[in-house]
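What follows is a set of notes on a single structure, which appears directly below.
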Amino acid sequence: MQVQEMAKKTVADIDVKGKKVLMRCDFNVPMDEDCNITSDDRILKALPTIKTILASGGALILMSHLGRPKGQRNEKMSLAPAAKRLSELLGQEVIFIEDCIGPETKAKAQSLADGECMLLENLRFHKEETIKDKAAKEDAQLRQAKDDFAQQLANLADVYVDDAFGTAHRDNASMYTVPVLMEGKPRVIGFLIEKELRFLGEILQNPERPFVAILGGAKVSDKIGVIENLIDKVDRIIIGGAMAYTFLKGRGKSIGQSLCENDFINKGQKLLNQAAEADCEVVLPVDHDVTRELKAGTPHRTAVGDIDPGYQAVDIGPMAIKAFSKKIADAKTIVWNGPVGVFEIPPFDRGTKAIALAVAEATDNGARSIIGGGDSAAAVKKLGLEDRVSHISTGGGASLEFLEGKKFKCLEILDEQ
Ligand code: AMP
C-alpha cells in the first residue's frame, strides 16, 4: 500500500504522560559563518508536536541531523544553537547533550523529568547514522555498526515520534533502524509529517481539475520519475529550467551551450509521446533569456526558438513567462518543483518570480497549490508569497519522491490508525 493511502497514528492518538519520547525532527537549519541561525523556520515547524508532547507530560528527547559532517564531529555543524533557539521559542530550558549516544546521554535521558526537553547533538557526527541499508545488507560489519548505534538511541525511550519529513525518503538509522528496533512500543508521526502527507496525498488522490504540474531545475534525470508518475494524473506539465533543453534538443531545436543531458534525450522524447497518448499537455518554453557567461552583471538577451552557438539559456523568456502564467491561471490544483531559471543570479530570477506570482494568483482564485521545497520554496519565500500558496513542503527530495509514487519505508513501519 502507498504511504499516501495509509492513515498513520499521530502523537494526538497516544498517551505520552510519564513516558520518555524520542522524536526525530528536522533541525537542519541554515547558519552563517559564525553559526548564527539565519532561518528558524524548521524549528518553528516542529513546535506544534514538541509543545503537545511537553504539555501532555512526556519527557522529550529530540534528535536531528544538521548539514553533512560525514561522520566527524564538526563544531560548525553543532546543534547547540538550535537548542538555544528552541529554548527561547518554548520559554523553557532545552538541555543540550554533546553526543547523541553514550553513557552520559543515557544517564541524562533517564533523569529527564516529565515536561522537560533535551536535544541530542547532531546524529551525523556518527557515520553509522547514514549507512545505507543496502550497504548494511551486504556487509555484516556495517550492519552491526548501524544496529548498535540505533539500539543506543532506541534504548533512550518508550515512544518513537517521527516529524522529520525532509529525511522521510532516507533509510538513516534514526529514521528507520531505530523505529524497527522499538517494535512493540508506540511509534507515531508528528503533526508536521501528518500535514505533509495530507496535502501531498490528497492532491494526488483527489485533485480538482485542471491539475497542473510545474517542473524546473537543473536535471531531467532527477525528475523523470515524477514526470512518469504524473503523466496519468495531471492535465498539464509545464517544464522550465535547464531540464527543458534536453527535451527541446530532442525536438530538433538548437540549444547552444544550454545544459543538456544527452543520455536522456531519447527518454525525454518517449515521455513526450507518452504524455500525448495520455492527453496530458506538455508546455515547453518558446523563448529564452540567454547569455554567453553565467555570472551576475553579464549581458543577456532574448532568443526565440533556436539558441545561437556560444549562448546558454539561463531563464525562460518573456513569451514563455506569459504562456506559462496563462497555463497556470486556470489551474485548480498545482504542484511546483524546481526553478525555471538560474534564480540565484538576478536578473535570471525573472521567470521563477513570475511563476511564483502566477501560482499565488491562481491560489487567490481558489486553486490548491503545493510548493515542493528546495529552490521553488525559497523563491516563494523570497517574494513574501508564503501566505498566498496552500502548502510549502519542508522536504524538497521527500516531496519529489512522494510525487514519484515511491514508498517511504520509514513511515510504513509506523503505527496505523
Ligand atoms: P534542482 O535542484 O534540480 O531543482 O535544480 C535547481 C538548480 O537549477 C538551481 O540552482 C538553478 O540555478 C538551476 N537552473 C535552473 N534553470 C537553469 C538553467 N536554464 N541553466 C542552468 N541552471 C539552471
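Hydrogens, waters and symmetry mates play no part in the numbers below; they use all other heavy atoms, side chains included.
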Exercise. Start with the C-alpha distance between Lys409 and Glu412, add both sets of side-chain angles, then the distance that settles salt bridge (Lys or Arg N to Asp or Glu O under 4.0 Å), and finish with yes or no.
Key: CA-CA 5 Å; Lys409 68 179 197 169; Glu412 286 192 316; over 6 Å; no

Self-check item: Verdict with reasoning, Glu401 to Lys407, per salt bridge (Lys or Arg N to Asp or Glu O under 4.0 Å)
Solution: CA-CA 8 Å; Glu401 290 204 8; Lys407 294 177 182 182; over 6 Å; no

Practice problem: Would you please name every residue forming a ring-ring contact (aromatic ring centres under 6.0 Å, His included) with His126, sequence neighbours left out? | Solution: Phe149

Quiz prompt | Counterpart residues, ring-ring contact (aromatic ring centres under 6.0 Å, His included), relative to His169 (two or more places apart) | solution = none

What's the separation between atom [atom1] in [X] and atom [atom2] in [Y], rounded to the nearest 0.5 Å?
X      : Y      : atom1 : atom2 : answer
Leu123 : Met63  : CG    : CE    : 6.5 Å
Leu259 : Leu294 : CG    : CG    : 8.5 Å
Leu112 : Cys117 : CG    : SG    : 7.5 Å
Leu156 : Leu120 : CG    : CG    : 6.5 Å
Lys327 : Ile238 : NZ    : CD1   : 8.0 Å
Asn262 : Cys260 : CG    : SG    : 4.5 Å

Would you please say whether a donor-acceptor pair under 3.5 Å links the side chains of [X] and [Y]?
X      : Y      : value
Thr363 : Arg388 : no
Asn229 : Lys406 : no
Gln151 : Asn155 : yes
Gln269 : Asn273 : no
Asp32  : Thr38  : no
Arg170 : His65  : no
Gln312 : Thr291 : no
Glu196 : Thr394 : yes
Tyr311 : His288 : no

Quiz item: How would you list all residue pairs meeting ring pair (Phe, Tyr, Trp, His ring centres under 6.0 Å) that involve residues 186-214, not counting sequence neighbours?
Solution: Phe199-His391

How about [X]: does its [atom1] atom have over 12 heavy atoms from other parts shown lying under 6.0 Å from it?
X      : atom1 : result
Asp279 : CG    : no
Gln141 : CD    : no
Lys353 : NZ    : no
Lys332 : NZ    : yes
Lys20  : NZ    : yes
Asn266 : CG    : no

Determine the minimum heavy-atom distance between [X] and [Y], stating which atoms define it.
X      : Y      : answer
Val340 : Asp315 : O-OD1, 3.6 Å
Asp147 : Thr177 : OD1-CG2, 3.4 Å
Ser258 : Ile307 : OG-CD1, 3.7 Å
Val188 : Asp415 : CG1-OD2, 4.3 Å
Leu60  : Leu54  : CB-CD2, 3.8 Å
Pro179 : Met175 : CG-O, 3.2 Å

Within the 4.5 Å heavy-atom criterion, are [X] and [Y] side-chain neighbours or not?
X      : Y      : value
Ile189 : Phe165 : no
Leu230 : Leu204 : yes
Leu90  : Leu47  : yes
Ser393 : Phe402 : no
Asn337 : Ile214 : no
Ile50  : Leu62  : yes
Lys76  : Ser78  : no
Lys8   : Glu416 : yes

Self-check item: Verdict with supporting geometry, Val234 and Cys280, side chain to side chain contact (heavy atoms under 4.5 Å, CB included)
Solution: CA-CA 7 Å; Val234 303; Cys280 168; 3.9 Å; yes

Quiz item: So does Asp235 pair up with Arg209, basic N to acidic O under 4.0 Å?
Solution: yes

Quiz item: Would Asp41 and Lys45 satisfy salt bridge (Lys or Arg N to Asp or Glu O under 4.0 Å), going step by step from the backbone distance to the final call?
Solution: CA-CA 6 Å; Asp41 202 41; Lys45 293 244 161 61; 3.1 Å; yes

Practice problem: Start with the C-alpha gap between Leu385 and Glu361, add the side-chain angles, then the distance that decides, and say whether side chain to side chain contact (heavy atoms under 4.5 Å, CB included) holds. | Solution: CA-CA 10 Å; Leu385 297 172; Glu361 279 168 3; over 6 Å; no

Quiz item: So which of Leu215, Thr352, Ile392, Ile370 actually passes side-chain contact (heavy atoms from CB on, under 4.5 Å) with Trp336?
Solution: Thr352

Quiz prompt | Side-chain donor or acceptor of Asp34 paired with backbone N/O of Asn36 under 3.5 Å | solution = no

Exercise. Let me see the working for Leu414 and Phe408 under side chain to side chain contact (heavy atoms under 4.5 Å, CB included), right down to the final yes or no.
Key: CA-CA 11 Å; Leu414 302 183; Phe408 293 164; over 6 Å; no

Practice problem: Report the C-alpha distance between Lys249 and Glu261 in whole Å, list the side-chain angles of each, state the deciding distance to 0.1 Å, and finish with yes or no for salt bridge (Lys or Arg N to Asp or Glu O under 4.0 Å). | Solution: CA-CA 10 Å; Lys249 190 169 176 186; Glu261 287 175 276; over 6 Å; no

